[in-house]
Structure formats: C-alpha cells, structure tokens
Amino acid sequence: MGIGSDMYRQQIMDHYKNPRNHGRLESPTFTHTGENPSCGDTITMDVQLADDGETIERVAFSGDGCAISQASASMLAQRLPGTTLSELEAMDTDDITEMLGVDISPMRIKCAVLARQVAQDGAKIHDGEIEIEQTKTEDGDD
C-alpha cells in the first residue's frame, strides 16, 4: 500500500469525521434501518425518489458505528442521487470497496456494505418485494 492508499484512508476518515448527507429527510419516499450485530454498526437510510418513481433524488443517513461503516454510508449517500433503483440493486461488494478505495479485511466487509444493503432492502420493501423490519448483515449476502 502506497501513497494512494494513504489518500483513501484520509478520505475515509474525512467522511467519518465530517459525514455528507448525514441526518434525516423531511419527506422520504422510504426509510429503512439496518445493523451489523457483530460490530454494533447501525444505519438508517432515507431515500427520496424523483417523480418518475425510479430515480433517486436525495439520500440522507443517520446512525453510528465504526469509521468504515459511517464513511461508506456518507460516500454512498453522495453517490446515489441521480442513479435508478435498478442501478442501486445492481451494486455489489466490489462497487463499495472500489468506492472506498482501500482493501477491506474480511472482518470489516460487513461494515463496509451495511449502507448498501440497507438502501437495497429499503428499495425492495418499497417495491413490495420483501417484508422485513430491519436489515442485519448476518442475514444478507455481501
């Protein structure tokens, strides 16, 4: 790991200390919460869709946890506006680790992907595809 990795580590710490889109939306289209029981991370994602019902217009998150989970939520909340629910559904672990820009140890992957899983499950609940109260990383796939 060289200078580039240090830059990404600094970016993660910046998002952790100064999260973007942190808080709640006044009138979200859907809200969903998830947790990573093994680490204690919790994230709630508020998503507002555009009038077409498919394009993500605004995203906010709240919660607390380790630097990886909170930075990932912050970065994802910046990345999602302008994407569609289909594009959100297609996101996988590689997309998240690429967004973070550093190698994530197997023990920390569930921290990194929590926000993505919460957003994806929230969209599935909104579309009537699943019925769950809360996402738990142990239940989902990475």
Side-chain angles (χ1 to χ4, degrees), residues 1-50 53-142:
M1 303 248 168
I3 293 172
S5 296
D6 289 340
M7 178 186 70
Y8 283 111
R9 282 191 186 95
Q10 289 173 358
Q11 177 178 293
I12 288 169
M13 289 309 297
D14 181 47
H15 274 270
Y16 175 65
K17 292 177 180 176
N18 306 293
R20 280 56 153 198
N21 300 313
H22 189 264
R24 303 300 303 265
L25 296 181
E26 191 171 312
S27 299
T29 306
F30 62 86
T31 298
H32 187 59
T33 300
E35 69 174 322
N36 176 4
S38 64
C39 190
D41 303 320
T42 61
I43 292 176
T44 298
M45 300 288 285
D46 289 345
V47 177
Q48 182 178 343
L49 299 178
E54 174 69 14
T55 305
I56 297 171
E57 194 168 78
R58 295 182 63 210
V59 178
F61 82 97
S62 57
D64 61 310
C66 70
I68 295 290
S69 72
Q70 299 303 295
S72 180
S74 175
M75 291 177 185
L76 190 64
Q78 282 190 304
R79 180 176 175 182
L80 288 178
T83 64
T84 65
L85 293 178
S86 299
E87 291 167 331
L88 168 61
E89 179 57 34
M91 292 181 85
D92 62 14
T93 299
D94 290 340
D95 293 319
I96 300 303
T97 56
E98 184 177 305
M99 178 183 72
L100 291 169
V102 295
D103 290 328
I104 305 295
S105 71
M107 296 293 294
R108 303 306 298 270
I109 284 294
K110 291 188 184 304
C111 304
V113 300
L114 177 59
R116 183 213 67 205
Q117 283 186 245
V118 169
Q120 287 175 333
D121 285 353
K124 288 177 186 175
I125 293 165
H126 173 72
D127 287 343
E129 294 177 31
I130 62 172
E131 287 186 35
I132 57 173
E133 282 189 37
Q134 187 175 57
T135 295
K136 292 186 189 280
T137 53
E138 273 70 11
D139 296 339
D141 52 2
D142 58 355

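Remember, predicted model here, so these are calculated numbers, not experimental data.
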How about [X] and [Y]: do any of their side-chain heavy atoms sit closer than 4.5 Å?
| X | Y | answer |
| --- | --- | --- |
| L76 | M91 | yes |
| F61 | S74 | yes |
| Q11 | V102 | no |
| T135 | Q120 | no |
| Q70 | I43 | yes |
| I132 | H32 | yes |
| K136 | E35 | yes |
| T42 | D64 | yes |

Taking all non-hydrogen atoms of both residues, which atom of [X] and which atom of [Y] are closest, and how far apart?
| X | Y | answer |
| --- | --- | --- |
| C111 | C39 | SG-SG, 3.7 Å |
| P81 | E57 | CB-O, 3.6 Å |
| T137 | P37 | OG1-CD, 4.0 Å |
| I12 | A67 | CG2-O, 4.1 Å |
| L85 | A123 | CD2-CB, 3.9 Å |

Report yes or no: does [X] contribute a side-chain atom to a donor-acceptor pair with the main-chain N or O of [Y] at less than 3.5 Å?
| X | Y | result |
| --- | --- | --- |
| D41 | C66 | yes |
| T29 | L49 | yes |
| Q117 | L114 | no |

With rounding to the nearest 0.5 Å, note down the distance linking [atom1] in [X] to [atom2] in [Y].
| X | Y | atom1 | atom2 | answer |
| --- | --- | --- | --- | --- |
| E89 | K124 | CD | NZ | 4.0 Å |
| L80 | R116 | CG | CZ | 11.5 Å |
| N21 | D46 | CG | CG | 11.0 Å |
| E129 | D121 | CD | CG | 10.0 Å |
| I104 | I109 | CD1 | CD1 | 6.0 Å |
| R108 | S69 | CZ | OG | 8.0 Å |

task = Run the numbers on D14 and R20 for salt bridge (charged side-chain N to carboxylate O under 4.0 Å, His left out), then give the verdict.
result = CA-CA 10 Å; D14 181 47; R20 280 56 153 198; 2.6 Å; yes
inquiry  = As a quick check of understanding, evaluate side chain to side chain contact (heavy atoms under 4.5 Å, CB included) for D95 and R79, giving each step before the final call.
reply    = CA-CA 11 Å; D95 293 319; R79 180 176 175 182; 4.2 Å; yes
query = E54 and S86: side-chain donor and acceptor closer than 3.5 Å?
reply = yes
